[in-house]
There are 2 protein chains.
Amino acid sequence: MSHTSGVRQARKQQTRQALLDAGLRLLEHQNLSSLGLRELTREVGVSPAAFYRHFPDMADLGVALVDEALGSLHTVIRAVLTETADADELIDRTVAITAAYVTEHRPHVRFIARERHGGVTAVRTAIAAELDRFADEVAAGLGAQPASEGWPADDLHVLAELYVDHMVMTAAAFLEAPPDDPAAHDRITHAARLRLRIISIGRLHWLDPAVRQAATRG
Amino acid sequence: MSHTSGVRQARKQQTRQALLDAGLRLLEHQNLSSLGLRELTREVGVSPAAFYRHFPDMADLGVALVDEALGSLHTVIRAVLTETADADELIDRTVAITAAYVTEHRPHVRFIARERHGGVTAVRTAIAAELDRFADEVAAGLGAQPASEGWPADDLHVLAELYVDHMVMTAAAFLEAPPDDPAAHDRITHAARLRLRIISIGRLHWLDPAVRQAATRG
DNA sequence: GAAGTCAGTGAACAAGTGTTATCCGAAACG
DNA sequence: CGTTTCGGATAACACTTGTTCACTGACTTC
């Protein structure tokens, strides 16, 4: 075994990371399906053949980027869900965290938004799987709240998916605004909070007798 | 002038349409930014140079596709908004129309979902402009309803954007499911209706005194 | 019916592309 | 300290790419 030594392995992961970083840089104005292997290695300052030492495919590079972009978010989501009790506070924290994540990891978020429905199947399914895990975690968090009494698990999961999709759509909105435009930033924040509140209120009144009757009617 | 005669103009628009159709066909597994000019003209059976007689750019072809995909939807949206009074019926019709549009215009919808955040700026902004117009129309429709009394115009527009984004996200969900899977189709339909009902209920209770206090607090 | 318009052609241009086989040199190992 | 491992370089492979130019021939116009 040689997993402890690693001056070589360190250098290898170093250029692997350089490939990922350069890829992210080039993907700011481009889709993954149009990112060339030579273009990428040229940006890194490495021979084209070197690419194959790290990834068999461009799609594989994309999947690695998905991990980098979304992998670290699971712990954050779980933390927010368990730490926060008050509904309004949870909304505010969620929007604030989304905003912060976009400003701090703009290229990653752009990559996710761009490739979520992009042309590379492997990447698309990797993103979908990650977002599904998010929805599962949110559903679990919602289930632990007293406000979820009487909710079927399926419906709760639909609600969780709505929250996740809303998070993605808010991130995309932040993305489209210029990074240094505080007015636009505030406008998007306000809109996101408003929408989350509407959804939250709808959730609370969902099991009202009159509503329940109307819902089960169709 | 020669806009009445047009045996030539007819032939021209014919191959122009062939370019658009072939483009849509090739974009099923690809992004616009990676669609080659030669690849496209080869599919149509036309020389590469002929492309320039119809579009200066690939981006221009993309913008034309946006028009083709979303242009005809405005009248549909306006019709549904004005014809339907009952809230539940409006939800059902909206979801049904979305589902029908995806099954009937699958390649167009896929194109929109794929290029909404894609790498071609002109196309991205064209889609955004079209969706903004949708939101304006929805906002106008909502404003005409009695349930919107007491809503500020800005908040109403945010709500309209939520509806439009929800429509797009539902269309994308239908897209990801196999076209001939009735179970998946029903599952997505059910989820879309549930989410729309939650939003609708939240909207109705938005101006409740207790809610209003909490909302204006922050 | 002659003159003009113009969608589409065919050829050439200079780059660009992914992928492979072979070799080099420094790190790892016994 | 010799041997093996392996990340990276080099060079060549056979294509594909966008764009331009002069040209042809059917339609339009007068």
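Lettering follows sequence order; numbering is per chain, from 1.
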Side-chain ion pair, [X] and [Y], N-O less than 4.0 Å:
X       : Y       : value
R106(A) : E28(A)  : no
D165(A) : R116(A) : yes
R133(A) : E130(A) : yes

### Task
Establish, with yes or no, whether the OP1 or OP2 oxygen of dA7(C) is under 4.0 angstrom from a side-chain nitrogen or oxygen of T15(B).
no
### Task
Taking only the side-chain nitrogens and oxygens of Y52(A), find out if one of them lies under 4.0 Å from OP1 or OP2 of dT20(C).
no
### Query
In terms of the nearest nucleotide of DNA chain C, which residue is placed more toward the 5' end: R53(A) or G36(A)?
G36(A)
### Message
Quick check: on DNA chain C, is the nucleotide nearest R38(B) upstream (toward 5') of the one nearest R16(B), or the reverse? Name the residue that is more 5'.
### Response
R16(B)
### Task
Check each of L20(A), T15(A), L19(A) against Q17(A) using the side-chain contact (heavy atoms from CB on, under 4.5 Å) test, and report the only one that passes.
L20(A)
### Side chain of V7(A) - closest among dA22(D), dC27(D), dA27(C)
dA27(C)
### Task
Starting from C1' on dA9(D), measure out to CG on L37(A) and report it in whole angstrom.
15 Å
#### Entry: Side-chain donor/acceptor contact of R8(A) with base of dG7(D) under 3.5 Å
no
### Message
Quick check: on DNA chain D, is the nucleotide nearest G45(A) upstream (toward 5') of the one nearest A49(B), or the reverse? Name the residue that is more 5'.
### Response
G45(A)
